[in-house]
Protein chains: 2
Amino acid sequence: MATDDLMTRALEALGEDGPLSVEALRRLADLGDLPETMTIAEVSGHLGVSPHTLRYYERAGLVEVARDGHGHRVYDAEAVRRLVFLTRMRLSGMPMRDLRHYIALVDAGVHTVPERLEVLVGHRDAIRRRIRELTLSLMAVEYKITTYGGSAGPDVQTVGATTGEALPDEPPRRALPAERPAPSR
Amino acid sequence: MATDDLMTRALEALGEDGPLSVEALRRLADLGDLPETMTIAEVSGHLGVSPHTLRYYERAGLVEVARDGHGHRVYDAEAVRRLVFLTRMRLSGMPMRDLRHYIALVDAGVHTVPERLEVLVGHRDAIRRRIRELTLSLMAVEYKITTYGGSAGPDVQTVGATTGEALPDEPPRRALPAERPAPSR
DNA sequence: GTTTGCGTTCGAGCGCGCTCGAAGGCGTAC
DNA sequence: GTACGCCTTCGAGCGCGCTCGAACGCAAAC
């Protein structure tokens with residue numbers, strides 16, 4: 001996915017270990033002053049997505065883009081801003097389907113604002129869920145790494161044994177020193 | 001993806017808003033006492049992945065599963081534990097390719113432990129990156145929601161304007177009440 | 001016996017989000 | 001002129017991770 005690069009760049013711009021604050025957001029949002037119009041190559045460079053993908057988004061009905069006398073695309077600032085939004089949403093995992101829906105709402109006029117909000121809230125919740133999932137997985141992987149490394153991890157005891165390997169060629173599944181025999185619920 | 005359900009269930013088991021702690025991990029890891037052997041349907045129910053997917057994983061070389069007299073799969077505890085590991089890794093976004101690599105290492109013997117650790121560390125970092133990405137996106141979406149809702153959000157100013165919509169049918173892009181005119185860098 | 005239900009293998013198909021290639025137009029550089 | 005480079009459209013192809021269907025086997029229930 002081309003958009004992976006985008007976020008990578010965004011993260012780099014923020015400094016990998018920055019405070020990840022509203023301040024960071026402001027910097028992310030700071031697109032510089034967009035020129036009046038841009039070519040597809042410029043937009044591509046700016047957003048970090050390929051021209052192919054930009055054309056694809058247009059075909060998908062997510063943006064309308066004017067042509068110049070030669071049939072070449074001319075992206076105005078509004079189109080670029082929309083594309084920034086679109087790439088950001090794609091990056092956070094919103095499917096094309098939902099994006100099409102949202103854009104249809106936007107194009108349908110201001111009376112769809114409540115429904116747009118619903119979509120956004122739904123997506124926000126999806127992101128939150130995903131972060132929780134990943135946090136959980138992260139903990140499992142970190143635990144596994146520490147126990148693998150030998151520096152006997154914290155107090156979870158069964159995780160290592162649930163990895164389906166437990167160092168094959170070795171006595172499988174010695175119980176780690178348990179603190180308590182895990183309450184039955 | 002079938003595995004979505006798995007994590008959903010895991011999260012439910014933890015209580016959506018729980019402390020997300022090591023305690024939580026222990027519960028997740030607590031698979032109960034696995035029976036000696038299981039049928040494909042049992043494993044499927046236990047892990048929340050379809051029998052189709054279990055067969056697929058086997059075809060992919062991720063687990064070996066014995067057959068009974070009728071040619072039916074018989075999953076032993078080790079296979080189940082491995083599948084738990086595999087689904088957890090899939091859930092956290094590790095691609096099949098890497099999983100195959102990892103499993104090959106496991107099957108190659110204990111001397112591959114260092115390389116296994118490298119893989120795990122790489123994956124851990126990937127998860128961390130993804131969490132950071134999502135956190136960033138979450139902030140952007142939350143900001144957009146609050147400003148959309150009218151309850152003028154915190155102090156970022158440009159984000160709303162970068163969404164490519166800025167309430168069409170309305171004077172586009174009035175500057176929001178800025179606190180400071182964003183430093184030029 | 002036949003129906004129901006669960007299992008098997010194999011290969012094909014699908015949904016997603018790109019990604020690419022072919023065939024061609026236009027404008028500038030040499 | 002012609003080569004280069006960037007653009008266009010259109011449709012096909014791809015990588016991923018499943019997901020499914022067809023055709024069949026076996027066993028217990030009715």
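Any value given below was found using the heavy atoms of this structure, including those in side chains, with hydrogens, waters and symmetry copies removed. Every value quoted in this text rests on a predicted model; they were computed, and no experiment measured them. Naming: A, B, ... by sequence-line order, numbering from 1 per chain.
- Relative to the side chain of A/His70, the nucleotides C/dC26, D/dT9, C/dC18 differ in distance, and C/dC26 lies closest.
- Of all nucleotides listed (C/dG17, D/dT8, C/dC20), C/dG17 comes nearest to the side chain of A/Arg90.
- Between D/dT19, D/dC7, C/dG7, one nucleotide has an atom nearer to the side chain of B/Tyr56 than all others, and that is D/dT19.
- Look at A/Arg73 and you'll find a side-chain N or O under 4.0 angstrom from OP1 or OP2 of D/dT9.
- Summary of the strand contacts: B/Ile40 and A/Gly93 both lie near DNA chain C, and taking for each the nucleotide with the nearest heavy atom, the more 5' one is attributed to B/Ile40.
- In this structure, B/Arg100 places its CZ atom 13 Å from C1' of D/dC18, rounding to the nearest Å.
- For B/Tyr75 and C/dT8, the OH to C1' distance is 12 Å, given to the nearest whole Å.
- Using a 4.0 Å cut-off, no side-chain N or O of B/Arg55 falls inside it from OP1 or OP2 of C/dG11.
- Distances were taken from every side-chain heavy atom of A/His52 (C-beta onward) to each of D/dT9, D/dA27, C/dG21; the shortest belongs to C/dG21.
- Rounded to an integer number of Å, the gap from B/Leu91 CG to D/dG17 P is 13 Å.
- Rounded to whole angstrom, the span from the CD atom of A/Glu58 across to the P atom of D/dC7 amounts to 14 Å.
- Rounded to an integer number of Å, the gap from CG of A/Leu54 to P of D/dT8 is 10 Å.
- Remark: side-chain polar atoms of A/Glu115 are not paired, donor with acceptor, to backbone N or O of A/Thr112 under 3.5 angstrom.
- The separation between A/Asp68 atom CG and D/dC6 atom P is 16 Å, rounded to whole Å.
- The side-chain hydrogen bond (donor to acceptor under 3.5 Å, both in side chains) search around B/Thr37 returns none, not counting sequence neighbours.
- Distance B/Tyr57 OH to D/dG17 C1': 8 Å, rounded to the nearest Å.
- Distances from the side chain of B/His72 to the nucleotides C/dT8, D/dC16, C/dC16 place C/dT8 closest.
- Here the nucleotide nearest the side chain of A/Arg97, chosen from D/dT19, C/dT8, C/dC16, is C/dC16.
- A/Arg59 has its CZ atom 12 Å from the P atom of C/dC18, to the nearest Å.
- Salt bridge present: A/Asp107 and A/Arg82 bring a charged side-chain N and a carboxylate O closer than 4.0 Å.
- In this structure, of D/dC7, C/dT8, C/dT19, it is D/dC7 that holds the atom nearest to the side chain of A/Ala41.
- Using a 4.0 Å heavy-atom distance criterion, A/Pro51 is classed as making no nucleic acid contact.
- Ion pair B/Arg55/B/Glu58 not flagged as a salt bridge, since none of the NZ, NE, NH1 or NH2 atoms sits closer than 4.0 Å to an Asp/Glu carboxylate oxygen.
- Between B/Arg128 and A/Glu142 there is a salt bridge, since a side-chain N of the basic residue sits under 4.0 Å from a carboxylate O of the acidic one.
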